[in-house]
Amino acid sequence: MRLISHPAALLLLPLLLFTPTSARAAAANENLPDAQGLIQLQLKAQQAGPRDQCFLYAELVHVMTEMAGKEMLDGDVDQASATLKQVNAYAQLIHMDLASNTKRLKNAEQLMHHTTYRLSEYLHKASSEDRDTLNATLKQLDQVHDELLAQVFKH
(Lines give C-alpha, C1' and ligand atoms only; values in the text may rest on other atoms or scores of the structure.)
Protein backbone atom coordinates (compact mmCIF):
# COMPACT_ATOMS: atom_id res chain seq x y z
CA MET A 1 0.00 0.00 0.00
CA ARG A 2 1.45 3.34 -1.00
CA LEU A 3 0.69 6.52 0.93
CA ILE A 4 0.25 9.80 -0.87
CA SER A 5 3.28 11.94 -0.21
CA HIS A 6 2.58 14.87 -2.47
CA PRO A 7 2.67 18.12 -0.41
CA ALA A 8 -0.55 19.45 -1.97
CA ALA A 9 -2.40 16.30 -0.92
CA LEU A 10 -1.23 16.80 2.65
CA LEU A 11 -2.58 20.34 2.61
CA LEU A 12 -6.00 19.14 1.46
CA LEU A 13 -6.37 16.59 4.24
CA PRO A 14 -7.26 19.09 6.99
CA LEU A 15 -9.76 20.73 4.66
CA LEU A 16 -11.50 17.42 4.11
CA LEU A 17 -11.48 16.51 7.80
CA PHE A 18 -12.65 19.87 9.10
CA THR A 19 -15.22 21.01 6.58
CA PRO A 20 -17.13 23.99 7.97
CA THR A 21 -20.67 23.43 9.17
CA SER A 22 -22.08 25.66 6.43
CA ALA A 23 -20.49 23.47 3.76
CA ARG A 24 -21.88 20.33 5.41
CA ALA A 25 -25.29 21.99 5.64
CA ALA A 26 -25.13 22.91 1.96
CA ALA A 27 -24.31 19.31 1.13
CA ALA A 28 -27.26 18.15 3.24
CA ASN A 29 -29.56 20.57 1.40
CA GLU A 30 -28.53 19.08 -1.93
CA ASN A 31 -29.85 15.71 -0.74
CA LEU A 32 -33.32 16.99 0.10
CA PRO A 33 -36.09 15.31 -1.86
CA ASP A 34 -38.26 17.20 -4.30
CA ALA A 35 -42.03 17.40 -3.79
CA GLN A 36 -42.59 14.00 -5.43
CA GLY A 37 -39.86 12.39 -3.31
CA LEU A 38 -41.39 13.83 -0.15
CA ILE A 39 -44.82 12.48 -1.08
CA GLN A 40 -43.29 9.05 -1.69
CA LEU A 41 -41.59 9.12 1.70
CA GLN A 42 -44.86 10.16 3.37
CA LEU A 43 -46.76 7.33 1.65
CA LYS A 44 -44.06 4.83 2.51
CA ALA A 45 -44.26 5.80 6.19
CA GLN A 46 -48.07 5.73 6.23
CA GLN A 47 -48.27 2.33 4.53
CA ALA A 48 -45.44 0.67 6.46
CA GLY A 49 -46.03 -1.99 9.02
CA PRO A 50 -45.94 -1.06 12.70
CA ARG A 51 -42.38 -2.30 13.10
CA ASP A 52 -41.04 0.07 10.43
CA GLN A 53 -43.25 3.11 10.95
CA CYS A 54 -41.30 4.60 13.84
CA PHE A 55 -38.07 4.77 11.85
CA LEU A 56 -39.79 5.98 8.68
CA TYR A 57 -41.60 8.74 10.53
CA ALA A 58 -38.31 9.70 12.22
CA GLU A 59 -36.74 9.85 8.76
CA LEU A 60 -39.61 12.00 7.53
CA VAL A 61 -39.26 14.34 10.53
CA HIS A 62 -35.54 14.60 9.83
CA VAL A 63 -35.96 15.42 6.14
CA MET A 64 -38.71 17.94 6.80
CA THR A 65 -36.67 19.62 9.55
CA GLU A 66 -33.83 20.05 7.06
CA MET A 67 -36.31 21.45 4.56
CA ALA A 68 -37.73 23.89 7.12
CA GLY A 69 -34.21 25.02 8.01
CA LYS A 70 -33.39 25.64 4.37
CA GLU A 71 -36.67 27.50 3.86
CA MET A 72 -36.00 29.62 6.92
CA LEU A 73 -32.45 30.45 5.86
CA ASP A 74 -33.74 31.29 2.37
CA GLY A 75 -36.16 33.78 3.93
CA ASP A 76 -39.33 31.80 3.20
CA VAL A 77 -40.64 32.08 6.76
CA ASP A 78 -44.26 31.19 5.97
CA GLN A 79 -43.29 27.97 4.19
CA ALA A 80 -40.83 27.08 6.98
CA SER A 81 -43.60 27.52 9.52
CA ALA A 82 -45.95 25.30 7.50
CA THR A 83 -43.24 22.65 7.19
CA LEU A 84 -42.59 22.77 10.95
CA LYS A 85 -46.30 22.23 11.58
CA GLN A 86 -46.05 19.06 9.49
CA VAL A 87 -42.95 18.07 11.48
CA ASN A 88 -45.01 18.45 14.66
CA ALA A 89 -47.76 16.26 13.23
CA TYR A 90 -45.34 13.47 12.30
CA ALA A 91 -43.55 13.78 15.64
CA GLN A 92 -46.93 13.30 17.30
CA LEU A 93 -47.37 10.03 15.38
CA ILE A 94 -44.03 8.83 16.74
CA HIS A 95 -45.09 9.99 20.18
CA MET A 96 -48.29 7.95 19.98
CA ASP A 97 -46.47 4.75 20.92
CA LEU A 98 -45.00 3.79 17.56
CA ALA A 99 -41.69 3.18 19.31
CA SER A 100 -42.97 0.20 21.28
CA ASN A 101 -42.95 -2.08 18.25
CA THR A 102 -40.04 -1.39 15.96
CA LYS A 103 -37.08 -3.23 14.58
CA ARG A 104 -34.99 -0.11 13.91
CA LEU A 105 -35.52 1.62 17.24
CA LYS A 106 -31.87 2.60 17.74
CA ASN A 107 -31.69 4.01 14.20
CA ALA A 108 -34.83 6.06 14.83
CA GLU A 109 -33.36 7.37 18.10
CA GLN A 110 -30.08 8.34 16.43
CA LEU A 111 -31.89 10.07 13.59
CA MET A 112 -34.10 11.96 16.04
CA HIS A 113 -30.99 13.00 18.01
CA HIS A 114 -29.44 14.41 14.84
CA THR A 115 -32.71 16.11 13.93
CA THR A 116 -33.02 17.88 17.28
CA TYR A 117 -29.41 18.97 16.98
CA ARG A 118 -29.98 20.45 13.52
CA LEU A 119 -33.17 22.19 14.63
CA SER A 120 -31.33 23.77 17.55
CA GLU A 121 -28.71 25.04 15.06
CA TYR A 122 -31.49 26.62 13.00
CA LEU A 123 -32.92 28.13 16.18
CA HIS A 124 -29.68 30.01 16.79
CA LYS A 125 -29.78 31.45 13.27
CA ALA A 126 -33.48 32.29 13.29
CA SER A 127 -34.98 35.73 13.60
CA SER A 128 -36.88 36.54 16.78
CA GLU A 129 -40.29 36.11 15.13
CA ASP A 130 -39.40 32.57 13.98
CA ARG A 131 -38.13 31.39 17.34
CA ASP A 132 -41.52 30.63 18.90
CA THR A 133 -42.40 28.09 16.21
CA LEU A 134 -38.91 26.60 16.28
CA ASN A 135 -38.91 26.37 20.08
CA ALA A 136 -42.29 24.61 20.11
CA THR A 137 -41.14 22.13 17.48
CA LEU A 138 -37.83 21.56 19.24
CA LYS A 139 -39.62 20.95 22.54
CA GLN A 140 -41.82 18.30 20.93
CA LEU A 141 -38.91 16.65 19.11
CA ASP A 142 -36.88 16.59 22.33
CA GLN A 143 -39.76 14.81 24.04
CA VAL A 144 -40.02 12.26 21.21
CA HIS A 145 -36.25 11.74 21.33
CA ASP A 146 -36.39 11.16 25.08
CA GLU A 147 -39.15 8.60 24.60
CA LEU A 148 -37.23 6.82 21.86
CA LEU A 149 -34.13 6.77 24.03
CA ALA A 150 -36.12 5.30 26.92
CA GLN A 151 -37.44 2.61 24.58
CA VAL A 152 -33.90 1.81 23.41
CA PHE A 153 -32.75 1.27 26.99
CA LYS A 154 -35.90 -0.72 27.74
CA HIS A 155 -35.23 -3.26 24.96
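Residues: numbered from 1 along the sequence shown. Values reported hereafter were calculated over all heavy atoms of this structure, with side chains retained and with hydrogens, waters and symmetry mates removed.
Scanning both residues, A126 and M72, for their nearest heavy atoms gives CB-SD, 3.5 Å. L148 and A108 make their closest contact through CD1-O, 3.9 Å (heavy atoms, listed as atom of the first residue, atom of the second, distance).
The shortest side-chain heavy-atom distance between M67 and L38 falls under the 4.5 Å cut-off. Contact annotation: the side chain of I39 never approaches that of P33 to less than 4.5 Å [non-hydrogen atoms, C-beta and beyond].
Residues that satisfy the side chain to side chain donor-acceptor pair (under 3.5 Å) test with T137, not counting sequence neighbours, are N88. The side chain to side chain donor-acceptor pair (under 3.5 Å) test applied to T65 returns no partner, not counting sequence neighbours. With sequence neighbours left out, the salt bridge (Lys or Arg N to Asp or Glu O under 4.0 Å) criterion links D74 to K70. For S127, the side chain to side chain donor-acceptor pair (under 3.5 Å) partners at least two apart in sequence or on another chain are E129, D130. Not counting sequence neighbours, E59 has no partner by the side chain to side chain donor-acceptor pair (under 3.5 Å) test.
Pairs of residues two or more places apart, or lying in two chains, never qualify as ring pair (Phe, Tyr, Trp, His ring centres under 6.0 Å) while including a residue from residues 65-84.
We find the CD-CZ distance between Q53 and R104 to be 11.5 Å, quoted to the nearest 0.5 Å. Of the inter-residue distances, the one linking L119 atom CG with K139 atom NZ reads 14.5 Å to the nearest 0.5 angstrom. Atom CG of L56 is separated from atom CD of Q42 by 12.0 Å, given to the nearest 0.5 angstrom. We find the CG-OG1 distance between L141 and T116 to be 7.0 Å, quoted to the nearest 0.5 Å. Atom CZ of F55 is separated from atom CG of L111 by 5.5 Å, given to the nearest 0.5 angstrom. Between M112 atom CE and E109 atom CD the span is 9.5 Å, to the nearest 0.5 Å.
One hydrophobic cluster, built from ILVMFWY side chains closer than 4.5 Å, holds both L93 and L84. There is a path of hydrophobic side-chain contacts, each under 4.5 Å, that joins M64 to L41. Under the 4.5 Å side-chain heavy-atom criterion for grouping Ile, Leu, Val, Met, Phe, Trp and Tyr, L134 is connected to L73 within one hydrophobic cluster. Hydrophobic clustering (side-chain heavy atoms under 4.5 Å, transitive across Ile, Leu, Val, Met, Phe, Trp, Tyr) groups Y57 together with L32.
Looking at E66 and Y122, their side chains do bring a donor and an acceptor atom within 3.5 Å of each other.
In this structure, Q79 contributes its side chain and E71 its backbone to no donor-acceptor pair below 3.5 Å. Without hydrogens or angle criteria, S120 side chain to Y117 main chain gives a donor-acceptor distance under 3.5 Å.
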